[in-house]
Amino acid sequence: MTRMIIVRRVADLRAHVSGWRGRGESVGLVPTMGALHDGHLSLVRRAKDDNVRAVATIFVNPTQFGPNEDLSAYPRDEAGDAAKLESVGCDLLFAPDVSEMYPAGFATSVSVAGITDHLDGIARPGHFGGVATIVAKLLLQALPDRAYFGEKDYQQLQVIKRLARDLDMPVEICGVPTVREADGLALSSRNRYLSAAERQIAGLLPRALAEAAQLLADGRAAAPLLTDIEGRLIAAGFGSVDYIALCDGMSLEPLAAARPGSRIFAAARIGRTRLIDNWPVL
Ligand code: PAF
């Protein structure tokens with residue numbers, strides 16, 4: 001197994017990636033915030049299947065966390081993450097510190113309108129501005145051929161596709177299917193916050209979404225069905241539901257009934273853990 005290179009400076013990232021691309025070797029980029037699980041590793045495997053080189057980034061981006069969110073508690077384990085990346089053939093890890101990404105005087109932000117008017121754009125004000133800014137920076141720093149993002153964060157994936165198109169970035173944005181536990185729970189770095197009892201309850205979320213998706217596909221109206229599901233989640237032990245909505249899969253606009261390309265989206269809290277998930281409808 002070739003040893004994975006670890007760099008912390010943008011200049012070193014660029015030197016390696018441009019060297020590879022100059023030799024005709026394609027490069028796939030996998031941006032992450034660390035605390036890696038099999039979902040992340042599936043992105044790296046896909047990057048490695050599609051390209052000669054795979055580059056992962058680990059940066060817990062402060063600008064995408066709200067004031068009452070879990071920035072300081074966000075799990076960090078660079079040594080463990082590096083071992084996992086190396087085990088799936090990642091060629092290079094870029095792990096900058098905050099001052100490398102946001103040097104003194106940093107004053108620019110990227111915002112994507114429209115898609116961010118819904119779902120987490122409302123529930124987490126400012127979140128997508130932070131995501132769009134850091135992902136735009138990572139894409140411009142690395143200049144890869146392709147970049148990979150999980151469909152669990154489906155709205156984020158649409159935001160990133162939009163920004164890459166709108167800013168004429170010469171990169172293909174690739175969505176990768178969600179990896180799930182045996183009971184359907186989507187893998188997430190935040191699942192480690194769940195107690196054993198909460199973990200049992202959490203499996204209800206994907207099951208409820210799958211069931212609702214089937215009923216919506218059969219022609220049921222969205223509003224009463226989604227209200228019913230919200231009630232079931234609360235009755236089962238979820239503390240609150242930020243949203244559960246049927247939306248167009250591209251624009252993220254809410255829909256009253258299913259149509260081709262629609263998806264159901266949910267964000268719900270158990271204890272201190274916020275879970276998000278989504279499911280295709282038609
Ligand atoms: O999905 C994530 O882990 C983050 O939002 C991302 C895309 C790495 C940007 O910080």
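None of the values given here were measured: they were computed from a predicted structure. First listed ligand is number 1; within each ligand, the first listed atom is number 1. Just so you know, these numbers use all the heavy atoms, side chains as well, and skip hydrogens, waters and symmetry mates.
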Check: Between D248 and R259, is there a salt bridge with N-O shorter than 4.0 Å?
Finding: yes

Next item on the list: Starting from atom 10 (O) of ligand 1, locate the nearest protein heavy atom and write down its residue, its atom name and how far away it is, to 0.1 Å.
Entry: Q64 OE1, 2.6 Å

Margin query: N61 versus ligand 1: do any nitrogen or oxygen atoms come within less than 3.5 Å of each other?
Written below: no

Next item on the list: Evaluate whether atom CD of Q200 has more than 12 neighbouring non-hydrogen atoms of other residues, nucleotides or ligands under 6.0 angstrom away.
Entry: no

Check: Closest non-hydrogen protein atom to atom 1 (O) of ligand 1, residue and atom name please, with distance?
Finding: Q156 NE2, 2.8 Å

Next item on the list: Between T32 and ligand 1, find which residue part has any heavy-atom pair under 4.0 Å and reply side chain, backbone, both or neither.
Entry: backbone

Next item on the list: Answer with yes or no whether the side chains of Y154 and D120 bring together a donor and an acceptor at under 3.5 Å.
Entry: no

Next item on the list: Identify whether the distance between the nearest side-chain nitrogen and carboxylate oxygen of R8 and D97 falls below 4.0 Å.
Entry: no

Next item on the list: Within a distance under 4.0 Å of any heavy atom of I134, pick out the atoms of ligand 1 and give their elements.
Entry: 9 (C), 10 (O)

Checklist line | Pair K84 + D77, salt bridge at N-O below 4.0 Å | finding: no

